[in-house]
Amino acid sequence: MSDVHLSIREIFELVEAVLLANGCDAPNAAAVARTVSSAERDGAVSHGMFRVPGYVVALRNGRVRGDAEPDVQQPTRAFVRVDAKHGFAPLALERGIPELARAAHELGIAVMTVIDSFHFAALWPEVEALADEGLAGIACVNYASVMAPHGGSRAIFGTNPLAYAWPRNDKAPVVADMATSAMARGELMLAKRAGRSVPPGNGLGPDGEASTDPAAILSGVQLPFGGHKGSAIALMVELLAASATGDRFSDEVVEDVSDGGPPPGGEILIALSPKLLGGERTQERTEAFLDRLSSIPGVRLPGSQRHRERLDDGPRVLDAALVDKLRGLL
Ligand code: NDP
C-alpha cells in the first residue's frame with residue numbers, strides 16, 4: 001500500500017471538488033468537505049476520505065439530495081428543529097447550531113432535532129461546536145439496523161453513537177464520541193480492507209456464530225460494547241434519535257444502504273449552559289476536578305488524542321489508492 005501526502009487544505013479542496021462534480025451545490029459540498037477534512041486533520045481516519053466514495057454513491061443513485069437547503073424552525077424557545085430536506089447532515093448542523101447555542105445561553109438548556117438527514121460522520125464536530133460556545137453538548141444519532149441487542153442474534157439497532165463535550169477554560173474541551181457497538185462500523189470496514197481479523201466479541205457471522213472475520217460480521221450482525229450495558233445505551237440512542245425526533249428507528253430504515261452510502265435518520269443535540277445551571281464557580285470547580293482526574297497516572301481525557309493530532313499542521317499521510325479513487329470521481 002503506497003502513501004501520498006496532502007495538506008489539510010488540499011484534502012478539503014479535493015473532497016469539495018469531488019462533491020461538486022457529483023451533484024452537491026456549493027454550501028453542501030463545503031460543509032461535507034469541512035467534516036471530512038477535519039476528521040483527517042484529527043487522525044479520525046474512519047470518518048475521513050475513506051467515506052467520500054459513500055457520499056458520492058448516494059448522490060449518484062439519487063438517494064441523497066446534494067442541493068438540499070435545510071429548513072431551521074424554532075417551535076418553542078428551547079427547541080430548534082432542522083429539517084435537512086433529504087440532504088447530508090453537515091449543512092443542517094451548521095445552520096441549526098447557532099440557534100441552538102443562542103437558546104441554551106438564554107434558557108440554560110435547549111434541544112435541537114435534525115430530521116430527514118443522512119449522517120455519515122463522527123459526532124464530535126457538533127458537540128465540539130457547542131463547547132466552542134462555552135456550552136456542554138450531548139449528541140446521538142441512529143443508523144440502519146446492523147447490531148443485535150444483548151442476548152439476541154438479529155439486528156435491530158444501528159451502531160448508534162453517542163458523544164458529549166464539556167467546555168474548558170483556555171483548553172481544548174473534553175470530548176467523548178463513541179459508537180455503542182463494540183467496534184465502529186468504519187473500523188470493521190478498514191479491518192476488512194486491510195485483511196485483518198478483529199478481536200472476539202465484535203460480532204456474529206451470517207450463521208449467528210461468533211466471528212472474528214470482519215467480512216463475516218459485516219454481512220452478519222455487530223454486537224454492543226459491554227454486554228447488556230452497551231445494549232441499554234444503544235436503546236437510549238434509538239429513543240432519543242428516533243422517538244424524540246419523530247424520525248425513523250434503525251429497523252424502520254427500508255432503504256438499501258448496501259451501496260456503502262449513509263443511511264437516513266434523525267439526530268438529537270442537547271445543549272446546556274454550565275454557567276447558568278451550575279453557577280459562576282462551576283467552571284473553576286470543574287477545572288480542578290479534571291486536573292485531579294488527569295493527574296492519575298495512566299489516565300488521559302477523552303478527546304485529548306484527537307486534539308493532539310490537530311496541533312500538527314503539516315500534511316497528512318493518505319492511502320494513495322484511495323486518493324486516486326477520489327481523483328477518478330472528479
Ligand atoms: P473510539 O473507541 O475510538 O473512541 C471513543 C472515545 O473514547 C473517543 O472520544 C476517544 O477520545 C476516547 N478514548 C479512547 N481511548 C481513550 C483512553 N485511553 N482514555 C480516555 N479516552 C479514550 O470510538 P469508536 O470507534 O467507538 O467510534 C468512532 C467514531 O465513529 C465516533 O466518532 C462515532 O461518532 C462514529 N460513528 C458514527 C456513526 C454514524 O452513524 N454517523 C455510527 C457509529 C459510529 P480520542 O478521540 O481522544 O481518542
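Index from 1, following the sequence. Atoms within a ligand are numbered from 1 in the order they appear, just like the ligands themselves.
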At under 4.0 Å between heavy atoms, which part of His47 makes contact with ligand 1: side chain, backbone, both or neither?
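Near ligand 1, His47 shows its side chain, while the N, CA, C and O stay back.
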Per-atom contacts, ligand 1 versus Leu123 - under 4.0 Å to a heavy atom
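Taking each heavy atom of Leu123 in turn, ligand 1 has 34 (O) under 4.0 Å.
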Per-atom contacts of ligand 1 with Val175, taking only distances under 4.0 Å to non-hydrogen atoms:
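Near Val175, the atoms of ligand 1 are 9 (O).
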Hey, is [X] close enough to [Y] for a salt bridge, meaning N to O under 4.0 Å?
X      : Y      : value
Glu106 : Arg102 : no
Arg316 : Asp42  : no
Arg306 : Glu309 : no
Arg168 : Asp291 : yes

Using a plain distance cutoff, I'd like to know if [X] has any nitrogen or oxygen under 3.5 Å from a nitrogen or oxygen of ligand 1.
X      : result
Thr159 : no
His119 : yes
Ala176 : no
Ser304 : yes
Gly303 : yes

For residues 23-33, run the donor-acceptor check on the side chains, cut-off 3.5 Å, and write out each pair with its distance to 0.1 Å, sequence neighbours left out.
{"from": "Asp25", "atom 1": "OD1", "to": "Asn28", "atom 2": "N", "distance (Å)": "3.1"}
{"from": "Asp25", "atom 1": "OD1", "to": "Asn28", "atom 2": "ND2", "distance (Å)": "2.9"}
{"from": "Asn28", "atom 1": "ND2", "to": "Gly66", "atom 2": "O", "distance (Å)": "3.2"}
{"from": "Asn28", "atom 1": "ND2", "to": "Ala68", "atom 2": "O", "distance (Å)": "2.9"}

Residues Gln305, Arg300; criterion side-chain hydrogen bond (donor to acceptor under 3.5 Å, both in side chains); working and verdict:
CA-CA 8 Å; Gln305 173 62 33; Arg300 73 164 174 90; 4.8 Å; no
Under-4.0 Å protein heavy-atom contact, atom 9 (O) of ligand 1
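True for atom 9 (O) of ligand 1.
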Result block: side-chain N/O donor-acceptor pairs under 3.5 angstrom for residues 151-166, not counting sequence neighbours:
{"from": "Asn160", "atom 1": "OD1", "to": "Gly158", "atom 2": "N", "distance (Å)": "3.2"}
{"from": "Asn160", "atom 1": "ND2", "to": "Ala234", "atom 2": "O", "distance (Å)": "3.1"}
{"from": "Asn160", "atom 1": "ND2", "to": "Glu238", "atom 2": "OE2", "distance (Å)": "2.9"}

Should Ala121 be listed as contacting ligand 1, given a heavy-atom distance under 4.0 Å as the test?
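Yes; Ala121 lies near enough to ligand 1 that a heavy-atom distance drops under 4.0 Å.
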